[in-house]
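Throughout, numbering of the chain's residues begins at 1 and tracks the sequence.
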Amino acid sequence: QVDVTAMARLFGYVDVTDSGFIVAVLSIAFNPLFWNVVARWEHKTRALSRVFGSPHAACYCLGAVILMLNCVRSHCFTEAMKSQPKLEGLDCHWAYYSGFAILAVGTLFVISSFLALGFTGTFLGDYFGILMEAKVTSFPFSVLDNPMYWGSTAVYLGWSLM
């Protein structure tokens, strides 16, 4: 037998029928699906590189689209968080400042990852045939295997707590 009381309590704090929540979930799921499908398609066909005239131009355009989709995702996430029920225990200064600290660490990992990888390294340049000369081992890659993913997760967790 399965004890579902913990799950039932959790769903008391999440309104899964809220349209903002549904849109946020869809945007969170869509983004990585989109960029992985497009990048793999590019790797197989080189179609974007031909359309844009070079792999660099195509990678920069895909990167711009990914950035715009991330802005939409962040907006949808923020709006969904505003419309969801609040945990009373997290409506205090320590939760806010803890969230801010987690968000700050996440932002540090995301920005330092971007600076270490560069634009094409961050935005799937390897699928366009744009390879780095050597594996990046400097900070934050010296601390975490996937600092961009962990940093993004920390940003959204921190934002949620705030």
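Shortest non-hydrogen contact noted between Ala116 and Phe141 is CB-CE1, 4.0 Å. When all heavy atoms are compared, the tightest approach of Arg50 to Thr45 is NH1-O, 2.7 Å. Closest approach of Tyr156 to Asn70, counting heavy atoms only: OH-O, 4.3 Å. Residues Gly151 and Phe109 share a closest heavy-atom pair of CA-CB, 3.9 Å. Closest heavy-atom contact between Leu161 and Ala95: CB-O, 3.9 Å. Closest of all the heavy-atom pairs between Cys76 and Ala24 is O-CB, 3.6 Å.
Atom CH2 of Trp159 sits about 9.5 Å away from atom OG of Ser74, to the nearest 0.5 Å. Once rounded to the nearest 0.5 Å, the distance linking OG of Ser113 with CE of Met148 reads 4.5 Å. Atom OG1 of Thr153 and atom CD1 of Ile102 lie 12.0 Å apart (nearest 0.5 Å). How far CZ of Phe100 is from CG of Leu103: 7.0 Å, rounded to the nearest 0.5 Å. For the atom pair OG1 of Thr78 and CE of Met162, the computed distance is 10.5 Å after rounding to the nearest 0.5 Å. Separating the OH atom in Tyr13 from the CD atom in Glu88 is a distance of 6.5 Å, to the nearest 0.5 Å.
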Going through the distances and angles, do Phe21 and Gln84 end up as a side chain to side chain contact (heavy atoms under 4.5 Å, CB included)?
CA-CA 8 Å; Phe21 177 82; Gln84 289 296 306; 3.5 Å; yes
Pair Val155-Thr107, side chain to side chain contact (heavy atoms under 4.5 Å, CB included): steps then yes or no:
CA-CA 6 Å; Val155 165; Thr107 301; 3.8 Å; yes
Please assess Asp91 against Lys86 for the test side chain to side chain contact (heavy atoms under 4.5 Å, CB included), listing each intermediate value before the final yes or no.
CA-CA 8 Å; Asp91 192 19; Lys86 309 288 185 264; 6.0 Å; no
Just do the side chain to side chain contact (heavy atoms under 4.5 Å, CB included) check on Ser152 and Val110 with the steps written out, would you?
CA-CA 7 Å; Ser152 295; Val110 169; 3.8 Å; yes
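Screening Phe52, Phe128, Phe123 for a side chain to side chain contact (heavy atoms under 4.5 Å, CB included) with Leu62, the sole residue that qualifies is Phe128.
With a 4.5 Å cut-off on side-chain heavy atoms, Val25 and Phe77 do not count as touching. Annotation: side chain of Leu144 is not in contact with side chain of Pro140 (no heavy-atom distance under 4.5 Å). Looking only at side-chain heavy atoms (C-beta outward), Met132 and Leu117 come within less than 4.5 Å of each other.
There is a path of hydrophobic side-chain contacts, each under 4.5 Å, that joins Phe30 to Val38. Both Leu69 and Trp41 belong to a single network of hydrophobic side chains, linked directly or stepwise wherever heavy atoms of I, L, V, M, F, W or Y lie under 4.5 Å apart. Cluster annotation: Leu124 is connected to Val65 through the hydrophobic network of ILVMFWY side chains, with a link wherever side-chain heavy atoms come within less than 4.5 Å. There is no path of hydrophobic side-chain contacts, each under 4.5 Å, that joins Leu157 to Val14. Tyr127 and Ile130 fall within a single hydrophobic cluster, where Ile, Leu, Val, Met, Phe, Trp and Tyr are joined by side-chain heavy atoms under 4.5 Å apart, directly or via other members.
Applying the 6.0 Å contact sphere to NZ of Lys44 captures no more than 12 heavy atoms from other residues, nucleotides or ligands.
Between the side chain of Glu42 and the backbone N or O of Leu48 there is at least one donor-acceptor pair closer than 3.5 Å. Of the possible donor and acceptor atoms, one in the side chain of Ser83 sits under 3.5 Å from a partner among the backbone N and O of Ala80. Counting only distance, with no hydrogens or angles, the side chain of Arg46 and the backbone of Pro55 share no donor-acceptor pair below 3.5 Å.
Between the side chains of Thr120 and Tyr60, no donor-acceptor pair is found at a separation under 3.5 Å.
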